[in-house]
There are 2 protein chains.
Amino acid sequence: MAPMARSVGERVVRAGAEGSLRIGELAERTGASPRSLRYYEQQGLLRADRDTNGYRRYGLDAPATVGRIRELLATGLNTDAIRELLPCAQGGPGLVFCDRSCSAVERQMAQLDAEIAELARRREALATYAHVMRQRRDEDRALAAMALRSA
Amino acid sequence: MAPMARSVGERVVRAGAEGSLRIGELAERTGASPRSLRYYEQQGLLRADRDTNGYRRYGLDAPATVGRIRELLATGLNTDAIRELLPCAQGGPGLVFCDRSCSAVERQMAQLDAEIAELARRREALATYAHVMRQRRDEDRALAAMALRSA
DNA sequence: TTGACGTCTGACACCGGTGTCAGAGTCAAG
DNA sequence: CTTGACTCTGACACCGGTGTCAGACGTCAA
């Protein structure tokens, strides 16, 4: 096997430890692919201990954490933002973190508002185009009908 | 110079022909970079003849065409969609094209509506998170204040 | 022992318009 | 002839979560 990178703070546990999950089991419970779980770990969103054989070993709280990660991803937050606010969303280490997390969420909401406004602007611009083009189409239809009648 | 790919239907004109533009001039007039103009051509949105030396030579209608391309890009349409509806937007070859173009624009508007709805959904999901997290933050603040008073 | 399956790491692809670079050709001005 | 400004083509990078593959190792049952 290729040498395995080790993260700071992870523990190496007995293989087959009770009350813990391997990556396939966690994937099955959460609906996330193993690929995604490894990615979340790489991004610092999800902690995993290691078996003596190098396999990832997840605690029983992992499914809930993965659920939160995926909820937040589904809101359009990227992994940087999620890393910032996950400690508070988990019931984290108190005031400072929650303060920063609230700010992060509010920034993201403001950005979503801006994106919605931008899409609305695009929609209106497109509606103007549609109007012109429908007119042209209908003129062409009228011309075709006239040509048909005179023939 | 590297060998130059030739598109179908382009003409090779005298270098320095009057009433035409080289890529730098067109870029300056339209605000598009030369890189973008070459890309539009590659995507089949913009026609360019060639000088005997291989330089692109644009007709005097090119600035208007580039303007339309950039307007449509700014609405979020991709080059595939623009290729489909540009003939009609230019005052093109009649009924069939305009019919297809109208359909393309309406599809894009429907897709924009769907995207707006999706962003709104994300915003609401995020607002729920924000509510929970603000509560947690305020609880922490209250706890901190109590601890301060009792100390 | 062998085969099937799970897991490991690392790497590439995707989307799509644009920036940027490399290496080379063109051409007018000095 | 030299210099500098343009132009040519082709290629890589960007973003960011996910799919997928390759090559190797672990584990367990037949």
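Naming convention: chains lettered A, B, ... in sequence-line order (proteins, then strands); numbering from 1 in each chain.
- Contact annotation: Ser36(B) side-chain N/O to dG17(C) OP1/OP2 distance is not under 4.0 Å.
- Applying a 4.0 Å cut-off to non-hydrogen atoms, none of the residues of residues 104-119 of chain B approaches DNA chain C.
- The shortest distance between side-chain heavy atoms of Asp99(A) and Arg141(B) falls below 4.5 Å.
- The nearest whole Å value for the distance from the CD atom in Gln42(B) to the C1' atom in dG19(C) is 15 Å.
- Neither OP1 nor OP2 of dG16(D) sits under 4.0 Å from any side-chain N or O of Thr79(A).
- Side-chain contact between Ser103(B) and Arg107(B): present, with at least one pair of heavy atoms (C-beta onward) separated by less than 4.5 Å.
- The distance from atom CZ of Arg35(A) to atom P of dA13(C) is 14 Å, rounded to the nearest whole Å.
- Using a 4.5 Å cut-off on side-chain heavy atoms (C-beta onward), Leu126(A) and Arg123(A) make no contact.
- Of the charged side-chain nitrogens involved, none lies within less than 4.0 Å of a carboxylate oxygen, so that Arg121(A) and Glu124(A) do not count as a salt-bridged pair.
- Nucleic acid contact for Arg38(A): base, since at least one base atom lies under 4.0 Å from a heavy atom of the residue.
- Under the 4.0 Å criterion applied to side-chain N and carboxylate O atoms, Glu139(A) and Arg134(A) are not assigned as salt-bridge partners.
- Between Asn78(A) atom CG and dC15(D) atom P the separation is 11 Å, expressed in whole Å.
- Remark: P of dC15(D) and CG of Leu73(A) are 17 Å apart, rounded to the nearest angstrom.
- If you measure from atom CZ of Arg50(B) to atom C1' of dT26(C), you get 14 Å, rounded to the nearest angstrom.
- For Tyr40(A) and dT18(D), the shortest distance from a side-chain N or O to OP1 or OP2 is below 4.0 Å.
- Under a 4.0 Å N-O distance rule, the pair Glu41(B)/Arg38(B) does not qualify as a salt bridge.
- Checked for salt-bridge contact, Arg57(A) and Asp49(A) miss the test: no charged N lies under 4.0 Å from a carboxylate O.
- When rounded to the nearest whole Å, the span between CG of Asp49(B) and P of dC8(D) equals 13 Å.
- Pairing each heavy atom of Leu21(B) with each of Glu25(B), the nearest pair is CA-OE1, 3.3 Å.
- Here Arg56(A) reaches the OP1 or OP2 of dC8(C): one of its side-chain N or O atoms lies under 4.0 Å away.
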Under 3.5 Å donor-acceptor pairs involving side-chain atoms of residues 66-73 of chain B, not counting sequence neighbours:
residue: Arg68(B); atom: NH1; partner: Gln90(B); partner atom: OE1; Å: 2.6
residue: Arg70(B); atom: NH1; partner: Tyr40(B); partner atom: OH; Å: 2.7
residue: Glu71(B); atom: OE1; partner: Tyr129(A); partner atom: OH; Å: 2.9

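- Atom CD in Glu71(B) sits about 17 Å away from atom P in dG17(C), given to the nearest Å.
- The separation between Leu21(A) atom CG and dG6(C) atom C1' is 15 Å, rounded to whole Å.
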Every protein N/O within reach of nucleotides 2-6 of chain D N/O, cut-off under 3.5 Å:
residue: dC6(D); atom: O2; partner: Tyr55(B); partner atom: OH; Å: 3.3

